[in-house]
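Here the structure comes first, spelled out in structure tokens, and everything after it is commentary.
In what follows, chains carry the letters A, B, and so on, assigned in the order in which the sequence lines appear, proteins first and then strands, with residues in each chain numbered from 1.
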There are 2 protein chains.
Amino acid sequence: MSRKPASERILETADRLFYGQGTVIGVDTIAAEAGISKRTLYNHYPSKDTLIVAYLQRRLREIPTTDAPPAQQILDDFDRLERAFGWDGFRGCAFVNAVAELKDPRHAANAIALQFKERRRQWFRALLELGGAPDPEGLSLQLLLLVDGAIAAALVRKDPTVARAAKEAARVLLQAAGLVAHAPTAPSAPKPADPPASRPPLG
Amino acid sequence: MSRKPASERILETADRLFYGQGTVIGVDTIAAEAGISKRTLYNHYPSKDTLIVAYLQRRLREIPTTDAPPAQQILDDFDRLERAFGWDGFRGCAFVNAVAELKDPRHAANAIALQFKERRRQWFRALLELGGAPDPEGLSLQLLLLVDGAIAAALVRKDPTVARAAKEAARVLLQAAGLVAHAPTAPSAPKPADPPASRPPLG
DNA sequence: TGTAATATACACAGACCTGTGTACTATGCA
DNA sequence: TGCATAGTACACAGGTCTGTGTATATTACA
């Protein structure tokens with residue numbers, strides 16, 4: 001009957017509802033949508049908080065590294081962002097939302113959110129070092145600010161193209177660091193526009 | 001007895017609690033903390049949604065314009081941000097938080113949040129035009145992304161100094177637009193450090 | 001003083017929330 | 001076949017929430 005194990009179906013449903021509706025969504029709803037009794041859910045996750053933490057942890061994924069030049073990989077990241085913003089269910093950054101929703105500053109969600117943000121920054125930093133940037137530490141943080149700013153702006157404006165503005169700003173910063181030589185290269189072709197299958201990776 | 005009119009005390013308390021705890025805080029709590037009966041609250045604001053909208057509208061304030069050179073005014077804005085981040089009750093951007101919390105995309109909060117973000121961007125744009133930037137429209141958006149990114153990062157990292165990273169990025173962008181001539185000028189002195197009286201203006 | 005507006009205390013309806021208890025059923029395995 | 005594991009259905013406790021109803025008190029003003 002049920003092709004996937006119960007705990008996985010619970011997590012998938014929790015992901016969809018927590019991200020789409022916020023962590024205020026009720027446990028009853030999650031169980032019902034997952035096609036599972038509430039009792040079973042509580043047997044797998046002893047409290048709602050446990051489920052929230054599992055949901056966030058599941059979103060901690062690696063960013064795919066290619067063999068393109070460092071600056072190009074960084075700029076490509078903003079293209080991925082734009083696709084994520086254009087996705088129908090886009091609702092901002094899951095981690096930032098969780099931190100904002102859960103008022104308790106000692107909640108485990110805070111540490112996971114920090115971990116996620118640091119992961120992306122370290123990914124930037126490694127690429128910047130590879131490209132020979134003078135201050136990878138500082139520049140990686142600046143690039144991360146552009147990413148987070150684009151996420152917030154895309155949420156408020158409901159406009160995916162803010163990712164392009166972030167990308168242009170990133171290009172200027174990379175140019176100033178000596179990582180990009182060519183001029184803006186015109187708006188880089190109207191984009192291949194492959195629609196995202198399910199969920200783009202922005203957290 | 002009560003020095004201020006009731007409706008104002010309600011709004012002040014709502015501001016404090018909605019911002020500090022999120023809009024999930026109960027109406028009972030707001031009434032109790034404001035020292036008024038719940039019935040009176042509902043006489044002034046016929047629903048909680050009305051109160052939320054009034055709370056957000058109250059945060060729509062102008063940004064103080066000085067007579068400093070445009071680029072300097074923009075960079076000073078990031079210093080204000082850093083002070084806001086260092087404030088004890090800092091919990092991110094009230095508007096972004098509200099949009100993230102209220103799942104309904106047609107909620108009035110969305111329009112108010114957009115209005116607030118656009119206001120700051122237009123303030124940037126006017127200054128950029130004054131300074132003769134080649135693309136005020138695009139650059140103003142890029143600067144706004146840095147602001148919003150700094151807010152999100154300050155919230156997650158609990159570190160006010162991200163504002164400084166945003167400021168440095170902004171300086172590079174302004175330099176590339178020909179608005180700032182001098183080199184980084186060293187970390188600009190350790191900052192006068194006047195503690196914010198009550199609530200810094202970040203929304 | 002009298003009258004009208006405004007505030008209060010307090011109970012309540014109806015809904016939803018998390019988490020538990022309990023008895024029943026299906027399934028895999030020896 | 002027997003038995004443990006895992007899932008289901010369903011009620012319930014105890015709490016919170018928004019919003020209303022009602023009867024009483026305070027205040028402003030003519």
When all nucleic acid strands are considered with a 4.0 Å heavy-atom cut-off, which category describes A:Ile25: base, sugar-phosphate, or nothing?
sugar-phosphate
Side-chain donor-acceptor contact under 3.5 Å, B:Trp123 with B:Thr65
yes
Output the rounded distance in Å from [atom1] ([X]) to [atom2] ([N]).
X        : N      : atom1 : atom2 : value
B:Asp28  : C:dC16 : CG    : P     : 18 Å
A:Tyr42  : C:dT22 : OH    : C1'   : 17 Å
A:Lys38  : C:dC17 : NZ    : P     : 9 Å
A:Lys48  : D:dG15 : NZ    : C1'   : 14 Å
A:Lys103 : D:dT16 : NZ    : C1'   : 11 Å
A:Gln21  : C:dC17 : CD    : P     : 11 Å
A:Leu51  : C:dC17 : CG    : P     : 14 Å
B:Asp49  : D:dC17 : CG    : P     : 16 Å

Are side-chain heavy atoms of B:Pro64 and B:Arg80 found at a separation under 4.5 Å?
yes
Atom of B:Phe18, atom of B:Thr23 and distance for their closest heavy-atom approach
CD2-CA, 3.7 Å
Mind listing the closest non-hydrogen atom pair of A:Leu144 and A:Phe124 along with its distance?
N-CE1, 3.9 Å
Given B:Ile112, which of B:Leu56, B:Ile52, B:Val99 fulfils the side chain to side chain contact (heavy atoms under 4.5 Å, CB included) condition?
B:Leu56
Any salt bridge between B:Lys167 and B:Asp77, counting N to O under 4.0 Å?
no
Report, one pair per line, the protein and nucleotides 6-8 of chain D atoms (nitrogen or oxygen only) whose separation is under 3.5 Å.
{"residue": "D:dT8", "atom": "OP2", "partner": "A:Ser37", "partner atom": "N", "Å": "3.1"}
{"residue": "D:dT8", "atom": "OP2", "partner": "A:Ser37", "partner atom": "OG", "Å": "3.3"}
{"residue": "D:dT8", "atom": "OP2", "partner": "A:Thr40", "partner atom": "OG1", "Å": "2.8"}

